[in-house]
Number of protein chains: 2
Amino acid sequence: MSQTQEPRRKPGRPKAGDDQRDVRDAILDQAEACFAAAGFAGASLRDIATRAGVNQALLRYYFGSKQDLFDAVFRRRGGMISGRRHVLLDRALAEPEPSVESLVRAYLRPQWEMKQSGPGGAAFIALQARVHAEPEAHALELRREVYDPSLKRYIDALSGQLPGIPRDLVATRMAFLVGAYLFMLNDLGRLADLSEGQIREIAEEEMLEQLVRFLSAGLKAPGI
Amino acid sequence: MSQTQEPRRKPGRPKAGDDQRDVRDAILDQAEACFAAAGFAGASLRDIATRAGVNQALLRYYFGSKQDLFDAVFRRRGGMISGRRHVLLDRALAEPEPSVESLVRAYLRPQWEMKQSGPGGAAFIALQARVHAEPEAHALELRREVYDPSLKRYIDALSGQLPGIPRDLVATRMAFLVGAYLFMLNDLGRLADLSEGQIREIAEEEMLEQLVRFLSAGLKAPGI
DNA sequence: AACTTTATTATTCAGTCGATGAATAATGAA
DNA sequence: TTCATTATTCATCGACTGAATAATAAAGTT
């Protein structure tokens with residue numbers, strides 16, 4: 001078999017205007033997909049590099065270690081979600097008397113939007129669920145760094161609308177809420193078979209509304 | 001340094017009555033701890049074997065591949081939880097008019113008991129949370145095999161107590177419930193700091209009751 | 001034109017992984 | 001006594017891993 005001379009790219013800086021979309025982003029995108037599919041340990045830098053169409057050493061050049069790359073992946077979309085949460089909370093609080101439902105909806109919607117935004121967003125949602133299930137201290141710090149600030153604002157806002165319930169119980173219930181939506185978003189497709197044939201073709205948008213109703217009722221439940 | 005002659009175990013079948021507790025169980029215990037701490041890909045058979053005090057090839061002898069070992073770990077305690085759920089459901093249904101709360105409590109309690117039962121049980125709870133976050137088809141099959149039968153029974157029982165709510169909505173809400181308790185059990189220790197100093201020293205038993213209240217209220221929320 | 005910086009590939013390294021074939025010893029049945 | 005079965009270790013293999021370094025070329029700067 002005659003070696004089909006592949007025109008190997010030579011090392012060195014590429015000519016300007018060569019690759020429009022940033023190489024960094026291509027790496028982050030593929031890393032996101034790999035980490036989501038296989039977890040931190042299961043994903044390999046070689047695979048990520050190959051899929052992104054670059055050399056493995058370039059990952060190191062841009063991001064440093066594997067852990068650093070993972071963190072960059074998580075912070076990128078996590079920051080977007082957190083930022084969007086702030087915006088939607090401000091908007092909800094601008095209403096004269098914001099309902100618990102509207103606050104819960106504001107909290108959940110950014111995650112929802114992220115999942116709907118495309119395959120990259122959906123991959124991140126899966127990745128996020130994994131990070132939340134990891135017991136390592138670093139994973140905990142990471143999610144705290146990204147998500148705790150907005151979470152605390154929501155706890156305060158909800159406390160204001162739930163006068164009978166002490167703040168720390170609201171905080172506890174918010175933790176329940178986080179678990180429910182993480183799982184639901186991640187599991188949505190497979191959720192269908194639970195009802196065993198009794199066709200569940202709830203439109204995805206309606207599913208979010210169902211979750212809002214469920215969680216709001218839980219938050220409003222009378223305290224001890 | 002004089003090589004401190006370690007009394008290496010000779011190959012071959014050990015004399016009878018040598019090792020009382022089953023070697024199989026020792027392997028499963030250590031595998032459980034490793035998988036819980038590092039995930040499937042992150043755990044290594046070498047580490048598991050060393051910790052269990054046996055040779056690595058013995059894992060293969062007893063369990064086959066790494067995946068098979070993982071499955072055995074998951075089925076062992078998963079089956080216990082599932083069995084206990086059946087028992088508690090029978091008991092709850094024996095009451096004249098079982099409340100939603102009592103059904104939810106019966107569903108959650110086996111997980112709770114498992115977590116309290118010792119370090120092995122707690123490790124399994126963490127492992128379980130990881131499995132639920134994994135998108136691979138095999139992980140999905142595994143949890144379905146272990147947990148779906150009891151889940152379906154609970155959906156039926158709850159439907160009986162929630163006359164206004166269609167069965168498939170109850171099924172959906174049960175999925176929310178699963179997410180909430182998986183996350184809560186796994187995250188319990190770290191949950192404390194959420195309320196920022198406002199001391200949360202809710203006893204662990206009370207936390208379970210809080211979750212029951214929260215979820216029952218969500219299940220009872222009026223449908224569409 | 002000469003130098004520096006930036007972006008990229010190629011290669012190497014030391015280590016770990018899961019898997020496996022072979023050897024070995026205790027046991028129990030024939 | 002013989003012989004198959006069971007439980008165990010040993011030794012190693014090839015594949016793969018993350019990391020590190022060297023080489024290279026284009027672009028920018030002086």
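This one's a predicted model, so the numbers in the text were calculated from it and none came from an experiment. Lettering follows sequence order; numbering is per chain, from 1.
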Check your understanding: So, is A:Tyr62 close to the C:dT8 phosphate, meaning a side-chain N or O under 4.0 Å from OP1 or OP2?
Key -> yes
Study note, to complete from the structure: On DNA chain C, more 5' by nearest nucleotide between B:Pro11 and B:Ala57 is B:Ala57
Practice item. For the residue pair B:His132 and A:Asn186, confirm or rule out a side-chain donor-acceptor distance under 3.5 Å. Key: no
Exercise for review: Check whether NZ of the Lys or CZ of the Arg A:Arg85 lies under 6.0 Å from the centre of the six-membered ring of A:Tyr107 and within 45 degrees of that ring's axis.
Suggested key: yes
Check your understanding: Would you call A:Arg153-A:Asp90 a salt bridge at under 4.0 Å N-O?
Key -> yes
Practice item. Measure the distance from CG on B:Leu58 to P on C:dA23 and round it to the nearest whole Å. Key: 19 Å
Point to revise | Length of the line joining B:Ile48:CD1 and C:dA19:C1', which is rounded to integer Å | key: 14 Å
Practice item. Name the orientation class of the two ring planes belonging to B:Phe70 and B:Phe35 (parallel below 30°, tilted from 30 to 60°, perpendicular beyond 60°). Key: perpendicular
Check nucleotides 16-19 of chain D for protein N or O atoms closer than 3.5 Å to its own N or O atoms and list the pairs.
| from | atom 1 | to | atom 2 | distance (Å) |
| --- | --- | --- | --- | --- |
| D:dT17 | OP1 | A:Ser44 | OG | 3.4 |
| D:dG18 | OP1 | A:Ala43 | O | 3.2 |
| D:dG18 | OP1 | A:Lys66 | NZ | 2.9 |
| D:dG18 | OP2 | A:Leu45 | N | 2.9 |
| D:dG18 | N7 | A:Arg46 | NH1 | 2.7 |
| D:dG18 | O6 | A:Arg46 | NH2 | 3.0 |
| D:dA19 | OP2 | A:Lys66 | N | 3.2 |

Review point. Is there a donor-acceptor contact under 3.5 Å from the side chain of A:Arg173 to the main chain of A:Leu219?
Key: yes
Practice item. Indicate whether OP1 or OP2 belonging to D:dA7 is found under 4.0 Å from a side-chain N or O atom of B:Tyr61. Key: yes
Study note, to complete from the structure: Rounded to the nearest 0.5 Å, the CG atom of B:Asp71 sits from the CZ atom of B:Arg76 at a distance of 13.5 Å
Check your understanding: Within this structure, what is the CG-to-P distance between A:Asn55 and D:dA22, rounded to whole angstrom?
Key -> 16 Å
**Study point:** Rounded distance (Å) that lies between atom P of D:dA7 and atom CZ of B:Arg24
**Key:** 10 Å
